[in-house]
Amino acid sequence: MRVALFHDGDPRLPRLRSELGALGHEVLVIGPGVALAGLTELFDRQRPDVIHSLGRGPIALLLGTWWRRQLRDQGTRRAHDVDPHLPLVDVVIDGSLMGEHLVEAYFRLLRLR
C-alpha cells in the first residue's frame with residue numbers, strides 16, 4: 001500500500017515512516033517546503049492509496065483536502081487524525097496508532113478488510 005502523510009512538522013513522522021516501511025508499505029511524506037509542482041508529477045507516477053493528514057496546519061488540512069479531491073476518482077481515500085468534520089475526510093484514524101494497527105485501519109478505510 002502507498003500512504004502519503006501530509007503534515008506540518010508532526011513529531012510522529014519518523015516513527016510512522018519507520019513502522020509502515022518495516023511492514024512493507026511505501027510512505028510518501030508531504031510537509032513544509034514541499035514543491036507543489038513536483039507533487040503532480042510524483043502522484044502521476046505514485047498515486048497514494050491513502051492520504052493521512054496529521055495535525056491542523058495548512059499542509060495537513062488544505063493540501064490534503066485538495067489532493068483528495070484530485071485523486072478520489074482513482075480510489076484514493078483520506079484519513080485525518082483529529083477531526084471528523086473536515087471536508088473530504090473519509091474517516092478519523094489516530095496517527096499515534098502503532099504500525100500494524102495503523103495498517104489495519106488503512107485496510108478498513110480502503111474496504112480491503
Side-chain angles (χ1 to χ4, degrees):
M1 168 179 6
R2 187 173 293 127
V3 179
L5 301 173
F6 281 73
H7 73 98
D8 294 273
D10 195 292
R12 298 172 288 186
L13 271 156
R15 180 189 60 81
L16 291 171
R17 179 187 276 174
S18 174
E19 289 177 359
L20 292 171
L23 292 168
H25 302 284
E26 187 174 348
V27 180
L28 307 169
V29 177
I30 315 300
V34 65
L36 298 178
L39 278 181
T40 300
E41 183 178 322
L42 175 65
F43 288 166
D44 280 346
R45 287 180 288 126
Q46 299 176 293
R47 179 192 60 81
D49 301 300
V50 173
I51 290 173
H52 195 165
S53 296
L54 302 168
R56 298 181 184 272
I59 302 291
L61 293 177
L62 302 175
L63 198 57
T65 300
W66 193 85
W67 276 105
R68 168 60 166 88
R69 183 173 292 132
Q70 300 307 308
L71 299 172
R72 71 176 155 204
D73 291 340
Q74 297 173 49
T76 296
R77 308 266 297 166
R78 180 175 177 227
H80 196 279
D81 73 331
V82 290
D83 191 348
H85 304 294
L86 295 170
L88 296 174
V89 171
D90 298 299
V91 69
V92 172
I93 296 176
D94 184 353
S96 298
L97 290 173
M98 299 308 286
E100 61 275 356
H101 300 291
L102 193 57
V103 168
E104 186 62 36
Y106 291 155
F107 281 143
R108 283 192 306 272
L109 171 65
L110 295 170
R111 297 181 179 100
L112 297 175
R113 288 194 182 153

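A single hydrophobic cluster is not seen to contain both I51 and F107; linkage of ILVMFWY side chains at heavy-atom distances under 4.5 Å, directly or through other members, places them apart. Cluster membership check: L71 shares its hydrophobic cluster with V34, using side-chain heavy-atom separations under 4.5 Å among Ile, Leu, Val, Met, Phe, Trp and Tyr. Residue V3 is grouped with residue L109 when hydrophobic side chains (ILVMFWY) are merged at heavy-atom distances under 4.5 angstrom, including chains of intermediate members. Hydrophobic cluster membership is shared by L42 and L36, with clusters built from Ile, Leu, Val, Met, Phe, Trp and Tyr side chains linked at under 4.5 angstrom. In the hydrophobic clustering of this structure, V103 groups with V91; members are Ile, Leu, Val, Met, Phe, Trp, Tyr whose side-chain heavy atoms approach within less than 4.5 Å, directly or through other members.
Heavy-atom minimum distance, G95 versus L54: CA-CD2, 4.0 Å. Contact record, R47 with G75: NH1-C, 3.8 Å, taken as the closest heavy-atom pair. Annotation for G55 and D10: closest pair N-OD2, 4.5 Å, computed over non-hydrogen atoms. Here the closest non-hydrogen pair linking V92 and V82 is CG1-N, 4.3 Å. When all heavy atoms are compared, the tightest approach of D81 to H52 is CB-NE2, 3.9 Å. Here the closest heavy-atom approach between residue F6 and residue L63 is recorded as CE2-CG, 3.8 Å.
Summarising the local packing, CZ of R17 is surrounded by 12 or fewer heavy atoms from other residues, nucleotides or ligands at distances under 6.0 Å. The environment of E41 atom CD is sparse: at most 12 non-hydrogen atoms of other residues, nucleotides or ligands sit within 6.0 angstrom.
Among H80, R68, R78, the single residue meeting the side chain to side chain donor-acceptor pair (under 3.5 Å) criterion with S53 is R78. For the side chain to side chain contact (heavy atoms under 4.5 Å, CB included) with H7, the lone residue among V29, L16, I59 that qualifies is V29.
The line from CG of D94 to NE2 of H101 is 11.5 Å long, rounded to the nearest 0.5 Å. Here the straight-line distance linking atom CZ of R108 with atom CG of D90 works out to 14.0 Å at 0.5 Å rounding.
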Original post:
Going through the checks in order, is the side chain to side chain contact (heavy atoms under 4.5 Å, CB included) test met by L61 and R56?
Top reply: CA-CA 6 Å; L61 293 177; R56 298 181 184 272; 4.3 Å; yes
**OP:** Show the numbers, then the answer: is there a side chain to side chain contact (heavy atoms under 4.5 Å, CB included) between M1 and L110?
**Re:** CA-CA 10 Å; M1 168 179 6; L110 295 170; 3.9 Å; yes
Subject >> Stepwise side chain to side chain contact (heavy atoms under 4.5 Å, CB included) test for E19 and L102 >> reply: CA-CA 9 Å; E19 289 177 359; L102 193 57; over 6 Å; no
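When side chains are defined from C-beta on, L20 counts as touching Y106, because their heavy atoms get closer than 4.5 Å. Under the 4.5 Å side-chain criterion, counting only non-hydrogen atoms from C-beta, T76 is not in contact with W67.
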